[in-house]
Amino acid sequence: MGRPRKTLENQKARLTIEQQEEKKATEEALNELTPLQKTPPNWLDNVAKAEYKRIYPLILELPIKSLDMALLAMYCQTYSNYIDASKHLVREKVVETERGSKLSPYYTIQRDSITAMNSIAPKLGLSLDSRMKIVTPKKEEKEDDPMSDFL
């Protein structure tokens, strides 16, 4: 699944009845996919497992399925890498070498983790913009009565 899909009611384009029926059938088929497993993968470290458990109930509110497990696991492990690099940077921001001082390699890990998380998060619906695209509430249709304005 990867990138969350807009549901039929959230489509802005005008669709023919045939296109609407096709979209509805696709949405129903997506709902039948294997759900995401509750337990995190064993190969994740402890911080990544904790992040998985923290966001799991929230992820269930989105159309994320078992096919997205690798993407979710990558997000959690990258989050763990970011936390680990941040902790190291508190203790060691500059490294002394034979040629002088340089920034800690943990800066690179931290920066790369931020970039990776920012890349993965929208694909899972973890950013506000991506959630707005898939969870926009239905607009209630009002009766279009031109005479009601005069009453």
Side-chain angles (χ1 to χ4, degrees), residues 1-140:
M1 184 181 239
R3 186 172 292 263
R5 300 174 53 97
K6 286 186 180 181
T7 57
L8 180 59
E9 69 243 15
N10 295 331
Q11 295 288 320
K12 291 182 181 176
R14 295 181 188 262
L15 302 175
T16 65
I17 292 174
E18 184 179 297
Q19 289 171 320
Q20 289 177 6
E21 289 173 356
E22 185 179 326
K23 288 256 187 210
K24 187 169 181 135
T26 302
E27 288 175 16
E28 289 171 1
L30 286 173
N31 288 332
E32 293 176 12
L33 293 174
T34 305
L36 192 63
Q37 70 183 39
K38 186 174 183 173
T39 57
N42 291 333
W43 52 267
L44 292 177
D45 68 23
N46 290 335
V47 174
K49 285 179 183 178
E51 177 65 1
Y52 185 99
K53 291 175 184 174
R54 182 188 75 81
I55 66 175
Y56 177 79
L58 305 170
I59 284 286
L60 291 179
E61 297 173 12
L62 299 169
I64 306 299
K65 300 294 182 179
S66 186
L67 287 171
D68 303 310
M69 173 59 76
L71 200 56
L72 180 58
M74 282 187 277
Y75 176 83
C76 293
Q77 188 59 56
T78 303
Y79 172 81
S80 177
N81 296 346
Y82 171 79
I83 296 297
D84 185 53
S86 296
K87 287 178 181 177
H88 279 90
L89 284 172
V90 169
R91 290 176 269 151
E92 178 186 292
K93 293 183 181 184
V94 176
V95 177
E96 295 296 330
T97 66
E98 295 174 1
R99 296 183 177 191
S101 59
K102 66 176 189 172
L103 287 175
S104 170
Y106 288 105
Y107 271 117
T108 304
I109 295 169
Q110 186 186 49
R111 184 192 65 226
D112 291 350
S113 295
I114 291 169
T115 301
M117 288 171 55
N118 284 335
S119 172
I120 296 169
K123 294 175 183 175
L124 291 169
L126 298 178
S127 68
L128 179 59
D129 289 340
S130 63
R131 281 192 306 277
M132 293 294 287
K133 290 178 183 174
I134 58 174
V135 207
T136 304
K138 272 187 176 179
K139 292 182 181 178
E140 291 186 28

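Basis for what follows: all heavy atoms, side chains included, without hydrogens, waters or symmetry-related copies.
In this structure, CG in L71 is found 8.5 Å from OG in S119, a value given to the nearest 0.5 Å. Note that the CG atom of D45 and the CD1 atom of I83 stand 11.0 Å from one another [nearest 0.5 Å]. Here the CG-CE distance, from L44 to M74, works out to 11.0 Å after rounding to the nearest 0.5 Å. Once rounded to the nearest 0.5 Å, the distance linking CD1 of I109 with OH of Y82 reads 13.0 Å. Here L72 contributes atom CG and L67 contributes atom CG; the two are 13.0 Å apart, rounded to the nearest 0.5 Å. The structure places OH of Y106 at 15.5 Å from NZ of K93, a figure rounded to the nearest 0.5 Å.
For the pair L89/S104, a side-chain contact is recorded, criterion being any heavy-atom separation below 4.5 Å from C-beta on. Counting heavy atoms from C-beta outward, L124 and L62 have side chains that stay 4.5 Å or more apart. Between V47 and D84 there is no side-chain heavy-atom pair separated by less than 4.5 Å. Looking at heavy atoms from C-beta onward, C76 lies out of side-chain contact with K49 at the 4.5 angstrom threshold. Within the 4.5 Å cutoff, the side chain of K65 has no heavy atoms near those of the L36 side chain.
When all heavy atoms of A73 and P41 are compared, the closest pair comes out as CB-CG, 4.1 Å. Considering every non-hydrogen atom in both M117 and P122, the closest pair reads O-CD, 4.4 Å.
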For the pair Y79 and R54, evaluate side-chain contact (heavy atoms from CB on, under 4.5 Å) and give the outcome as yes or no after the intermediate values.
CA-CA 12 Å; Y79 172 81; R54 182 188 75 81; 5.6 Å; no
Check the pair L126, I59 against side-chain contact (heavy atoms from CB on, under 4.5 Å), reporting the backbone distance first and the verdict last.
CA-CA 8 Å; L126 298 178; I59 284 286; 3.6 Å; yes
Can H88 and Y107 be said to form a side-chain contact (heavy atoms from CB on, under 4.5 Å), step by step?
CA-CA 9 Å; H88 279 90; Y107 271 117; over 6 Å; no
If you apply the rule side-chain contact (heavy atoms from CB on, under 4.5 Å), what do you find for Y75 with I55, and how did you get there?
CA-CA 11 Å; Y75 176 83; I55 66 175; 4.2 Å; yes
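Under 3.5 Å, the side chains of S113 and N81 contain no donor-acceptor pair of N or O atoms.
Side-chain atoms of E51 do not come within 3.5 Å of backbone N or O of Q77 as any donor-acceptor pair.
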